[in-house]
Amino acid sequence: MSGPPTGGMLLCRAEPLAARSPAHLLRVRLLLAPAGAWTVLVPEDKPWLTGGEGAAEVFSGWGSAIAVAADRPVLGLWWEGGRAGFSLAGGFRRTVSQEWDAAGRACGDPDAMRTLAARLGLDPVLDLEELERLTRPGSGPDADGPDADGPDTDGPDRLRALTALLIRAGLALPPGLTPGEPADRLRGAARMAPGVEELERSGRSDALRARLDAAEAGPLGPWVRGPRARRLGAAQVAAGAPLLVWAARRRSPAWAAAGAFLLAQGALSLAYDRARARS
């Protein structure tokens, strides 16, 4: 008889377009599908069987990497050996985690639920009360709302209750993508999800392109590529060239260095914008 199932998924609070490039940085085979206001990512392989790390470490690490690249909250859900839990990563913010054992007993960061509610914009009173109920022994809200008391509330049950609560944060998981399912069954359900995409393992050029895409999609993106970046580059060239000439006449190494820097920075910015437009 086989033991408890092992698996996991990533929930990125972003549309697939914003999640795709950061997910490429992982260089693993993933299935990506819309999940309401979120994107769900399911691995096609089982790295916890060969990489020396458990499911908790794998999904926590992946979630942190995507959150930094996408600058969006990412939930890594995992279940293994009857245990289950989640990690919440948010850009460069501290990652928080919560875990339940096979009996549903909670351990982990004492502020995990409060942080989850705050970062996802949930109700600080009503929603937080239901989230914190999931950390108490023998009780937890099920998908229909009433409390479920008793010994049958295990770790995966807590994750299912959590995802039910996240409907209020815009989460809508495709059918069959349920925490606690075996990895093979989860992958099969992901393949049937509407709008699913396959993200193949990227090579070096694809990884570099994904990093550039992630940078351009970030807060500084308009200054990296686009009309604003081109205006800035042109202004740097326009300021740097005469400054360099003036410094040469005055024989001022310091001002010459400043002019050369502005000229080079502006020229590189314009060249980068043109090259990315062609690619």
>> Between Q98 (side chain only) and C107 (backbone N and O only), is there a donor and an acceptor less than 3.5 Å apart?
In response: yes
>> For R114, I'd like to know if atom CZ has over 12 heavy atoms of other residues, nucleotides or ligands within 6.0 Å.
In response: no
> What closest approach, in Å, do A19 and P22 show between heavy atoms, and which atom pair accounts for it?
Replying inline: O-CD, 3.4 Å
> Is any side-chain heavy atom of L26 less than 4.5 Å from a side-chain heavy atom of L41?
Replying inline: no
>> Just verifying a value: how many Å separate L49 CG and T6 OG1, rounded to the nearest 0.5 Å?
In response: 7.5 Å
> So, does T135 use its side chain to make a donor-acceptor pair with the main chain of L131 at under 3.5 Å?
Replying inline: no
> Shortest non-hydrogen contact from A67 to G90?
Replying inline: CB-N, 4.0 Å
>> Working note: L11 + L171, criterion side chain to side chain contact (heavy atoms under 4.5 Å, CB included); need CA distance, chi angles, decisive distance, verdict.
In response: CA-CA 9 Å; L11 302 177; L171 178 66; 4.0 Å; yes
> What closest approach, in Å, do G82 and P156 show between heavy atoms, and which atom pair accounts for it?
Replying inline: O-CD, 3.9 Å
> Taking all non-hydrogen atoms of both residues, which atom of L173 and which atom of L177 are closest, and how far apart?
Replying inline: CD1-O, 3.3 Å
> Which atom pair, heavy atoms only, marks the closest approach of R20 to L17?
Replying inline: NH1-CD1, 3.3 Å
> Roughly how far, to the nearest 0.5 Å, is the CG atom of L166 from the CG atom of L159?
Replying inline: 10.5 Å
Atom pairs and distances, side-chain donor-acceptor, residues 182-194, under 3.5 Å, sequence neighbours left out:
from: D184; atom 1: OD1; to: K46; atom 2: NZ; distance (Å): 3.0
from: D184; atom 1: OD1; to: R187; atom 2: NH1; distance (Å): 3.4
from: D184; atom 1: OD1; to: R187; atom 2: NH2; distance (Å): 2.9
from: D184; atom 1: OD2; to: K46; atom 2: NZ; distance (Å): 3.3
from: R185; atom 1: NH1; to: E181; atom 2: OE1; distance (Å): 2.9
from: R187; atom 1: NH1; to: E44; atom 2: O; distance (Å): 3.3
from: R191; atom 1: NH1; to: E198; atom 2: OE2; distance (Å): 3.1
from: R191; atom 1: NH2; to: E44; atom 2: OE1; distance (Å): 2.2

> Looking at side-chain heavy atoms only, is the closest gap between L162 and L116 below 4.5 Å?
Replying inline: yes
> Could you give the distance from CG (L75) to OG (S97), rounded to the nearest 0.5 Å?
Replying inline: 11.5 Å
> Is the backbone of D45 close enough, under 3.5 Å, to the side chain of R29 for a donor and an acceptor to pair up by distance?
Replying inline: no
>> Treating E57 as the side-chain partner and G54 as the backbone partner, does any N or O pair qualify as donor plus acceptor under 3.5 Å?
In response: yes
> Would you say the side-chain atoms of T39 pair up with the backbone N or O of A14, donor to acceptor, closer than 3.5 Å?
Replying inline: yes
> Can you pull the ring-ring contact (aromatic ring centres under 6.0 Å, His included) pairs that have at least one residue in residues 66-88, sequence neighbours excluded?
Replying inline: none
> Just by distance, do the side chain of R158 and the backbone of L134 share a donor-acceptor pair under 3.5 Å?
Replying inline: yes
> How would you list all residue pairs meeting ring-ring contact (aromatic ring centres under 6.0 Å, His included) that involve residues 49-71, not counting sequence neighbours?
Replying inline: W48-F59, F59-W62
>> To the closest 0.5 Å, what do you measure between CG (L165) and CG (L122)?
In response: 8.0 Å
> Heavy atoms, side chains only, cut-off 4.5 Å: are P47 and V28 in contact?
Replying inline: no
> How long is the span from the CG atom in D71 to the CD1 atom in I66, to the nearest 0.5 Å?
Replying inline: 13.5 Å
> At their closest point, which heavy atom of G195 faces which heavy atom of P34, and how far apart are they?
Replying inline: O-CD, 3.6 Å
> Can any side-chain N or O of D101 pair as donor or acceptor with the backbone N or O of R105 at less than 3.5 Å?
Replying inline: yes
> Atom CZ in R72, atom CD in E15: separation rounded to 0.5 Å?
Replying inline: 8.0 Å
> Does the R13 side chain pair with the main chain of A169, one donor and one acceptor, at a distance under 3.5 Å?
Replying inline: yes
> Is a salt bridge present between R94 and D109, judged by a nitrogen-to-oxygen distance below 4.0 Å?
Replying inline: yes
> Is the number of heavy atoms from other residues, nucleotides or ligands within 6.0 Å of CD (E53) greater than 12?
Replying inline: yes
> After noting the C-alpha distance and the side-chain angles of D127 and L120, does the key distance pass the side chain to side chain contact (heavy atoms under 4.5 Å, CB included) rule?
Replying inline: CA-CA 11 Å; D127 291 339; L120 300 186; over 6 Å; no
